[in-house]
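Keep in mind it's a predicted model, so treat the numbers as computed, not measured.
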Amino acid sequence: QVQLKESGGGTVQAGSSLRLSCASLLQTFHTYGLGWFRQAPGQEREFVAGISWSIRDTNYADSVKGRFVISRDNARKTAYLQMNSLQPEDTAVYFCAAGLTYGSDAKMYNYWGLGTRVTISA
């Protein structure tokens, strides 16, 4: 059973905003670090942002720093990725992941969602 489910993707114009959500079925969601990754066509999956279980610490890829904001609501077992000033190069399938980390190494995450597609038109 998939423990994480992303939503909120779509097609928007450059300069627009989107908010992605990641709903979890994990009983102990509040103990996991969370990460957002993305994979563009023909490219490898890359780290976007991470947030610690305590919400105190966040981590961003340089390419999204200042434009994207990661957050989480442990009571709702949901994580979010607010994406602003979107550009065509942000086009990708976005995945959320949970693990005992919030860093950029995808191998350190135990649970993954199936992804939500984001397309940015010029």
(message) Tell me whether the count of non-hydrogen atoms from other residues, nucleotides or ligands lying under 6.0 Å of NZ in Lys5 goes above 12.
(response) no

(message) I need the full list of salt bridge (charged side-chain N to carboxylate O under 4.0 Å, His left out) pairs touching residues 105-114, with sequence neighbours left out, sorted by first then second residue.
(response) Asp105-Lys107

(request) Quick one: which residue pairs count as a salt bridge (charged side-chain N to carboxylate O under 4.0 Å, His left out) with a foot in residues 23-37, not counting sequence neighbours? (result) none

(message) Show every disulfide (SG to SG under 2.5 Å) that has at least one partner inside residues 18-122, sequence neighbours left out.
(response) Cys22-Cys96

(message) Please list all pairs meeting side-chain hydrogen bond (donor to acceptor under 3.5 Å, both in side chains) that have one or both residues in residues 40-51, counting only residues at least two apart or in different chains.
(response) Arg38-Glu46

(message) Going by ring-ring contact (aromatic ring centres under 6.0 Å, His included), name the pairs with one or both residues in residues 20-55, residues two or more places apart or in two chains.
(response) Tyr32-Tyr111, Phe37-Phe47, Phe37-Tyr109, Phe37-Trp112

Could you pull out all donor-acceptor pairs under 3.5 Å where a side-chain atom in residues 58-70 meets a protein atom, sequence neighbours excluded?
from  : atom 1 : to    : atom 2 : distance (Å)
Tyr60 : OH     : Ile70 : N      : 2.9
Asp62 : OD1    : Lys65 : NZ     : 3.2
Arg67 : NH1    : Ser85 : O      : 2.9
Arg67 : NH1    : Asp90 : OD2    : 2.8
Arg67 : NH2    : Ser63 : O      : 3.0
Arg67 : NH2    : Asp90 : OD1    : 3.0
Arg67 : NH2    : Asp90 : OD2    : 3.4

(request) Establish whether Val48 and Phe95 are linked, either directly or via other cluster members, by ILVMFWY side-chain heavy-atom contacts under 4.5 Å. (result) no

(message) Tell me the closest heavy-atom pair linking Ala40 and Ala92, and the distance in Å.
(response) N-CB, 3.8 Å

(message) A side-chain contact here means heavy atoms from C-beta on lying under 4.5 Å apart; do Leu20 and Met83 qualify?
(response) yes

(request) Please collect all salt bridge (charged side-chain N to carboxylate O under 4.0 Å, His left out) contacts where either partner lies in residues 24-36, sequence neighbours excluded, each pair once. (result) none

(message) Counting only heavy atoms not in Glu89 (residues, nucleotides, ligands), do more than 12 fall under 6.0 Å from its CD?
(response) yes

(message) Which heavy atom of Leu100 sits nearest to which heavy atom of Asn110, and what is that distance?
(response) N-OD1, 4.0 Å

(request) Can you see which heavy atom on Gly33 is nearest to which on Arg72, and at what distance? (result) CA-NH1, 4.1 Å

(message) Rounded at 0.5 Å granularity, tell me how far OH in Tyr80 sits from OG in Ser7.
(response) 9.0 Å

(message) Do Ile120 and Val12 have side chains that approach each other closer than 4.5 Å (heavy atoms only, starting at C-beta)?
(response) yes

(message) Under 4.5 Å side-chain heavy-atom separation, chaining through any Ile, Leu, Val, Met, Phe, Trp or Tyr, what else clusters with Leu114? Say none if it is isolated.
(response) Val2

(request) Report the residues that fulfil side-chain hydrogen bond (donor to acceptor under 3.5 Å, both in side chains) with Gln82, sequence neighbours left out, ordered by chain and then residue number. (result) Asn84

(message) Does anything in residues 14-26 form a salt bridge (charged side-chain N to carboxylate O under 4.0 Å, His left out)? List the pairs, not counting sequence neighbours.
(response) none

(request) Indicate the atoms forming the closest heavy-atom contact of Leu26 with Ser24, along with that distance. (result) N-OG, 2.9 Å

(message) For a 4.5 angstrom cut-off between non-hydrogen side-chain atoms, does Arg117 reach Glu6?
(response) no

(request) Could you tell me which residues satisfy salt bridge (charged side-chain N to carboxylate O under 4.0 Å, His left out) with Asp57, sequence neighbours excluded, listed by chain and number? (result) none

(request) List in chain and number order the residues that pass side-chain contact (heavy atoms from CB on, under 4.5 Å) with Thr31, two or more places apart in sequence or in another chain; answer none if no residue qualifies. (result) Thr28

(request) Looking only at non-hydrogen atoms, find the nearest pair between Leu34 and Ala79 and report the distance. (result) CD1-CB, 3.5 Å

